[in-house]
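Counting convention: from 1, in listed order, for ligands and their atoms alike.
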Amino acid sequence: MRIPHLIIKKKLNKELSTEEIKWIVENYTAGKIHDYQMSALLMAVYFNGLSDRETVDLTLAMRDSGEILDLSSIDGIKVDKHSSGGVGDKVSIVLVGIIGALDIPFAKMSGRGLGHTGGTIDKLESIPGFRTNLSIDEFIDNVKSINVAISCQTSNLAPADKKLYALRDVTGTVDNVSLIASSIMSKKLASGCDGIVLDVTTGSGAFMNDIEDAIELSKKMVNIGKILNKETIAVVTNMDEPLGNAVGNALEVAEAIQALKGYGPADLMEVVITIASYMLIVAKKTDDLDKAKDLIQSVIDNGSAYNKFIEFVERQGGDSSYVKNYDSLINASIIREVKAEKSGYIHRVNALNIGNASLILGGGREELDDIIDSSVGIYLNKKVSDSVKTGQILAYIYGNDEKKVNDAYKEVVTAYDIQDEVIDKPKMIIDIIK
Ligand code: URA
């Protein structure tokens, strides 16, 4: 096979065969296809798309490019969860306590944040001592002992996706549904789970800005799961304003702890409880959605979800005194108020602007090896549909550098849209695809 021939084939909108896709992925991972050739092929895929069959072939080829985790020694149905990314998304952290307390094995490989979106690994690392680089044996052992473990993706998990994703990131080819679907599903399939619940975000803070695109992405991923015999459910959620009130690593961990204690913001809890309910259904704990919601509420109300989270933090080396006294996690040297310049109702809090503000403060990475500052972030005091009077506080900015706080301030002001008319709270759960 010759790569120029395959690039031309895709440029002419013809389907690539299973063997051709396998050959491309193997040779690109091995460094035998140049980045400039792969970039051209990705752009042809971006414009002409991939058929469902091609998408499945790409997923499998990327899954098989590295090791596939064997979780078979862990009893029970192992359910994984993945979010397609967002701002203020601390859902996985809350799920650790809930799913673990309900005796369901939750073995989760997570990623770091990139760009304006946050990552679970970075958030958990704001707890002093917390280790995210577990060995495979430790990872499996922790799930066997306490039901839950979260670790950084090993470098050998779907390495083809790692290489391709980095190339897509710099060639303007990230936001294609087939490429995103195969990227996410290859990693989930390599992580050895039995079933998957996907949180597919849509809105200004997500990769998929349009609902139709998010639904199409969900259908593609659910279809891949079906073909490969892994039950997969996609929950399409609203990411037009940040989820919850806290954005930034330590601030988000503090909010996740509040949620586990029963004081989480309503929008965050709606997403957490919906995702957790479908995880219970995939794990065959119940087949009734209302029963699932009651079970989840009961472990929050009786404190076992919170206690499970403490056990999880201690097991991974974290200092649980920071969980018990979560205010001690928040130690930025500057706290700046952002005040409303007019009265009215909040119509929009643009998640992309808030994510960018967090990035400017040092809470995220522009390059993969940037060091992040876990203490910075934004706390939203007002969210969509809230009323506000001139001079009231819209948000607090937590930072450690005056210039960065000033730059972040502009983003936060831009994020807010205040109008005269009353507006309803946004709908958080947009669709369920199964
Ligand atoms: N998240 C992924 O893992 N891959 C993508 O392509 C986009 C979001």
Side-chain angles (χ1 to χ4, degrees), residues 21 25 28-29 38-39 41-43 45-46 49-50 54-63 65-66 69 80-87 89 91-92 108-123 150-191 193 196-210 213-225 230 232 234-237 239 243 275 351-352 355 359 364-365 368:
I21 291 177
V25 171
Y28 181 61
T29 313
M38 200 62 199
S39 306
L41 181 61
L42 283 171
M43 196 53 89
V45 168
Y46 181 86
L50 292 176
E54 288 177 298
T55 308
V56 172
D57 286 340
L58 178 59
T59 309
L60 290 182
M62 294 203 292
R63 178 198 69 179
S65 64
L69 231 71
D80 207 344
K81 173 262 171 188
H82 187 88
S83 160
S84 59
V87 179
D89 179 356
V91 173
S92 292
K108 180 156 173 51
M109 292 278 176
S110 275
R112 295 186 181 277
L114 189 66
H116 72 277
T117 65
T120 301
I121 293 293
D122 294 330
K123 292 172 199 185
I150 293 192
S151 186
C152 256
Q153 260 148 30
T154 62
S155 57
N156 201 23
L157 193 103
D161 171 64
K162 200 160 284 163
K163 208 171 161 193
L164 267 176
Y165 188 84
L167 188 63
R168 285 166 58 212
D169 204 22
V170 293
T171 55
T173 50
V174 169
D175 53 340
N176 170 277
V177 285
S178 289
L179 294 175
I180 297 179
S182 52
S183 164
I184 291 177
M185 291 303 280
S186 64
K187 286 178 286 223
K188 292 292 105 180
L189 296 169
S191 66
C193 60
I196 306 160
V197 177
L198 299 161
D199 180 356
V200 182
T201 49
T202 177
S204 67
F207 282 116
M208 297 283 104
N209 292 343
D210 296 332
D213 289 344
I215 291 175
E216 193 192 339
L217 172 62
S218 302
K219 286 183 178 159
K220 282 210 184 284
M221 293 195 284
V222 168
N223 181 49
I224 295 170
K230 302 254 182 212
T232 305
V235 181
V236 181
T237 64
M239 185 46 78
L243 190 60
I275 304 269
L352 180 59
L359 192 61
R365 290 184 190 78
L368 263 179

Can you tell me the protein heavy atom closest to atom 3 (O) of ligand 1 and the distance? Lys187 NZ, 2.5 Å
Counting N and O atoms only, with roles assigned by atom type, does the side chain of His116 sit under 3.5 Å from a partner on the main chain of Leu359, one being a donor and the other an acceptor? no
Does one side chain, of Ser84 or Thr201, offer a donor that lies under 3.5 Å from an acceptor on the other? yes
Numbered atoms of ligand 1 (with element) below 4.0 Å of Phe207, judged on heavy atoms: 8 (C)
Which of the atoms in ligand 1, numbered in the order shown and given with their element, are less than 4.0 Å from a heavy-atom of Ser183? 2 (C), 3 (O), 4 (N), 5 (C), 6 (O)
Crowded around Lys163 NZ? As in, over 12 foreign heavy atoms under 6.0 Å? yes
Whether Lys123 side chain and Asp89 backbone form a donor-acceptor pair below 3.5 Å: yes
Top protein contact for atom 1 (N) of ligand 1, by heavy-atom distance: Ile184 CG1, 3.9 Å
Would you say the side-chain atoms of Ser186 and Asp161 include a donor-acceptor pair closer than 3.5 Å? no
Quick one: look up the protein heavy atom nearest atom 5 (C) of ligand 1 and list residue, atom name and how far away it is. Tyr165 CE1, 3.3 Å
